[in-house]
Every structure is written in C-alpha cells, then in structure tokens.
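For reference, the structure discussed in these notes is given below.
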Amino acid sequence: SLADLPGRTVGVFTGSVAESFMTELNIASRQYPDIDAAAAALQSGEIDAIVGDAPILEHFAHNKPEADLAVVGAIFHPDKYGFAFPHESDLTRPATLELLRLIEDGTVEKLRMRYFGSS
C-alpha cells in the first residue's frame, strides 16, 4: 500500500503523474524510460517497487509471467482517461454509443481479460 513506500525507493516512469505524486509525498524515486527498464531495476534490487498506471503494470505482469512480478495493493491515485474530439464534432455521439455498446456486450471485459488477466 501507499503506507509501505516511505523509506523505500520506488521506480517511476520519467515525466509521469506517478513521478510527480512520489515527489509530492517525499518518497524517494528513480526515473525509468519504460516498464522494461523499471522491471529490470526491481528484479536487480535497485528499487523496492514500481509506481505507475495500473493498466501498464497489469499488462506487463500478465504478459511476462517469467518476470515473476505482481501488481499489489489498491489504486491510490486514480486518474481518468478519455477521448478528445473538436467541439461539436460529428464523432462524439457515435464514439460514445459504440463504447457503450462494447461495454454492454462484454467486449470491453473480454479485452481486459486478454490484455490484463484476472487480477
């Protein structure tokens, strides 16, 4: 959990929200350009944990089981993501309706399981 991080060194992605958040909390961090570099540092003992966007961490853990890393704890700094269209775009309504359809018919859940697993 977040309470476990003070006194430890965590890996973050350069320029990420996690980097800023760790700085705000005065938690020691090291910056890495990508998940592969951060995971290597974690495995070598250079850092104690990685803090980053849950989908990136979950995708890595699910698709590289040989790394023997797990995503643990609750999401402690949730952020929202979205699509941006020009004001009054003709794409806004169709994109919204299609996303809702994909959620309702189970496609989004199937994709989540495929790329992130059951964790």
Side-chain angles (χ1 to χ4, degrees):
S1 78
L2 184 58
D4 296 319
L5 298 179
R8 302 188 188 277
T9 301
V10 301
V12 295
F13 305 125
T14 306
S16 67
V17 171
E19 180 181 13
S20 300
F21 189 55
M22 293 297 102
T23 299
E24 287 173 24
L25 296 177
N26 292 317
I27 294 174
S29 65
R30 291 193 181 144
Q31 295 74 32
Y32 297 93
D34 55 46
I35 184 67
D36 292 312
L42 181 60
Q43 291 170 316
S44 73
E46 183 179 322
I47 56 176
D48 301 300
I50 301 170
V51 175
D53 289 348
I56 293 170
L57 302 177
E58 290 168 354
H59 183 267
F60 183 88
H62 178 68
N63 288 286
K64 295 198 177 181
E66 69 279 3
D68 197 28
L69 299 176
V71 179
V72 299
I75 295 175
F76 51 79
H77 193 265
D79 282 322
K80 304 280 187 211
Y81 293 87
F83 295 93
F85 296 109
H87 185 63
E88 296 186 21
S89 170
D90 292 339
L91 297 174
T92 304
R93 182 173 170 77
T96 300
L97 292 175
E98 184 63 16
L99 285 170
L100 289 171
R101 185 189 69 75
L102 294 170
I103 291 168
E104 289 174 357
D105 75 8
T107 300
V108 170
E109 180 61 16
K110 288 177 189 168
L111 289 169
R112 189 191 68 73
M113 289 296 293
R114 177 178 175 188
Y115 291 102
F116 305 116
S118 61
S119 58

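All of these numbers come straight from a predicted model, not from anything done at the bench.
Annotation for L91: hydrophobic cluster partners, listed by chain and number, are F83, F85, L99 (ILVMFWY side-chain heavy atoms under 4.5 Å, direct or chained).
Here the closest non-hydrogen pair linking D105 and L102 is OD1-O, 3.1 Å. The shortest non-hydrogen separation linking L25 to L2 is CD1-CD1, 3.8 Å. Closest approach of G52 and F13 over heavy atoms only: CA-CE1, 4.3 Å. Contact record, V71 with A61: CG2-CB, 4.2 Å, taken as the closest heavy-atom pair. The two residues H62 and R114 make their nearest non-hydrogen contact at NE2-O, 3.2 Å.
Side chain of N63 to backbone of Y115: a donor-acceptor contact under 3.5 angstrom is found. Judged purely by atom type and a 3.5 angstrom limit, D53 has no side-chain atom pairing as donor or acceptor with the backbone of I56. For the pair E19 (side chain) and G15 (backbone), a donor-acceptor distance under 3.5 Å is present.
Looking at heavy atoms from C-beta onward, V12 lies out of side-chain contact with I50 at the 4.5 angstrom threshold. Side-chain contact check for R8 versus I27: every heavy-atom pair is 4.5 Å or farther apart.
Atoms CZ and CD1, from R30 and I47 in turn, are 8.0 Å apart once rounded to the nearest 0.5 Å. Atoms NE2 and NZ, from H59 and K64 in turn, are 9.5 Å apart once rounded to the nearest 0.5 Å.
Around CD1 of I75, the count of heavy atoms belonging to other residues, nucleotides or ligands within 6.0 Å does not exceed 12.
Residues satisfying the ring-ring contact (aromatic ring centres under 6.0 Å, His included) criterion with F60, sequence neighbours excluded, are absent altogether. Shown here are the side chain to side chain contact (heavy atoms under 4.5 Å, CB included) partners of S1, two or more places apart in sequence or in another chain: A3, D4.
Here the rule is side chain to side chain contact (heavy atoms under 4.5 Å, CB included) with S29, and of L5, T9, V51, V10 only V10 fits it.
A salt bridge between E104 and R101 is absent, with no side-chain N of the basic residue lying under 4.0 Å from a carboxylate O of the acidic one.
For the residue pair Y32 / E46, a side-chain donor-acceptor distance below 3.5 Å is found, with atom types taken as modelled.
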